[in-house]
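Notes to accompany the following structure.
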Amino acid sequence: MQRVYNFSPGPAVLPLSVLEEAQRDLLALPGLGVSVLEIGHRTKWFEKILATASANLRALLSIPDNYKIVFLQGGSRLQFSMVPMNLLHAPESSADYIVTGTWGQTAAQEAQRAGATSIAYTAKATNFDRLPSERDLKLNPEAAYVHFTSNETIQGVQFLEEPAVGKVPLVCDASSDFLCRPLPIERYGLLYACAQKNAGPAGVTIAVIRDDVLAQCTDEVPTMLSYRQYVEHDSLLNTPPVFAVYIVMLVTRWLADEVGGLARMRTLNEQKAKLLYDAIDSSEGFYKGHARPDCRSLMNVTYRLPNDDVETKFLAAAQDRGLHYLKGHRSVGGIRASIYNAMPLAGAEALAQFMDEFRKRA
Ligand SMILES: *Cc1c(COP(=O)(O)O)cnc(C)c1O
């Protein structure tokens with residue numbers, strides 16, 4: 001078996017022990033004799049998987065009882081619509097969007113189809129290389145909610161702490177940094193994350209919703225788009241993505257049992273990110289980071305090389321060394337190294353070492 005270091009932004013690297021257990025269960029679940037791909041979603045087995053995944057998330061993030069956890073489909077992109085459809089219904093109501101990258105911008109655009117929105121901040125003018133300070137935010141104290149993106153996957157810009165929004169419910173797209181560190185969950189009204197960056201495979205999206213925000217949701221939406229319906233039916237409105245939920249259960253168990261929790265995960269993530277940012281900062285300008293140093297992401301490290309030609313050579317030489325999927329998104333260019341939870345320290349070490357060697361040769 002030949003595995004490479006996978007720096008893909010998503011679907012992304014998963015822990016090897018998770019893949020090994022899934023491989024075993026793909027043929028037959030112990031004691032049941034059917035594959036994890038063949039089992040019904042109304043079975044005792046799946047009820048337990050769903051409850052365990054939910055309990056693991058609750059324990060890892062210390063989620064209090066006044067928050068509900070649901071498993072949804074349609075990816076984070078559907079949340080861009082579900083959030084305003086559920087929460088932006090009262091006449092005259094409007095929602096604030098803090099736009100620090102491509103995903104936040106897309107979320108704001110999509111929300112306009114459902115209701116009135118206002119851009120509380122955008123860093124578009126500097127190609128999303130920074131975060132707002134508190135006084136940059138033009139917040140409406142009467143807004144239905146404030147939406148922000150905790151980690152902009154394409155630009156590599158990450159909030160260190162939650163924006164201060166007063167009493168207005170804070171809604172977060174945490175797709176690409178979910179479970180990378182502990183969170184003060186009580187600051188959030190609603191937090192959602194598709195699984196395929198840090199929590200599992202594509203096909204399931206997790207949402208954590210506070211009771212008062214749930215109470216604010218309208219019933220005038222299709223059943224399959226109603227947070228309240230998902231809560232009332234324990235995420236079993238229709239056939240859920242059984243396999244994806246099962247992998248989320250395994251990944252959250254790995255985080256608790258093998259990693260040792262989210263504080264430990266954050267320390268490991270900081271170590272990995274530091275290796276790469278040090279390689280950028282000690283390169284005498286050969287590598288140029290996209291995000292400003294005060295908002296650099298722990299998950300997606302974005303940087304450019306002197307020109308396109310050198311970048312193409314870098315990508316080819318990296319691949320020869322088993323360092324794959326490093327090409328940056330076209331809107332930023334250059335390199336993007338996604339170093340999610342499951343990327344081992346050795347992967348970041350190998351990339352940092354390669355960066356030093358490549359620079360000295362160039
Ligand atoms: C990947 C990503 C999305 C899109 O997720 P889908 O599941 O493909 O819809 C949205 N927001 C952020 C921050 C992402 O990283």
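Both counts, for ligands and for their atoms, begin at 1 and track the order of listing. All heavy atoms count here, side chains included; hydrogens, waters and symmetry mates do not. This one's a predicted model, so the numbers in the text were calculated from it and none came from an experiment.
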Considering only heavy atoms, which protein residues lie less than 4.0 Å from any atom of ligand 1? Gly75, Ser76, Arg77, Phe80, Trp103, Thr149, Asn151, Thr153, Asp173, Ser175, Ser176, Cys194, Gln196, Lys197

Provide the closest heavy-atom pair for Ala12 versus Lys197 in the form atom of the first, atom of the second, distance.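 In this case the closest contact between Ala12 and Lys197 is CB-O, 3.7 Å.
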
In short, Leu37 meets Leu26 closest at the heavy-atom pair CD1-CD1, 3.5 Å

Going by the side-chain hydrogen bond (donor to acceptor under 3.5 Å, both in side chains) test, which pairs reach into residues 315-340, not counting sequence neighbours? Asn300-Ser338, Asn300-Tyr340, Arg321-Glu357, His329-Ser331

Just so I know, are the side chains of Asp219 and Arg228 near enough to count as touching, which here means a heavy-atom distance under 4.5 Å? yes

Is it true that a side-chain atom of Thr149 and a backbone atom of Asp173 form a donor plus acceptor pair closer than 3.5 Å?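 Answer holds: no.
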
Go through the steps for Phe358 and Phe286 under the test side chain to side chain contact (heavy atoms under 4.5 Å, CB included), then give the verdict. CA-CA 10 Å; Phe358 183 85; Phe286 183 78; 4.0 Å; yes

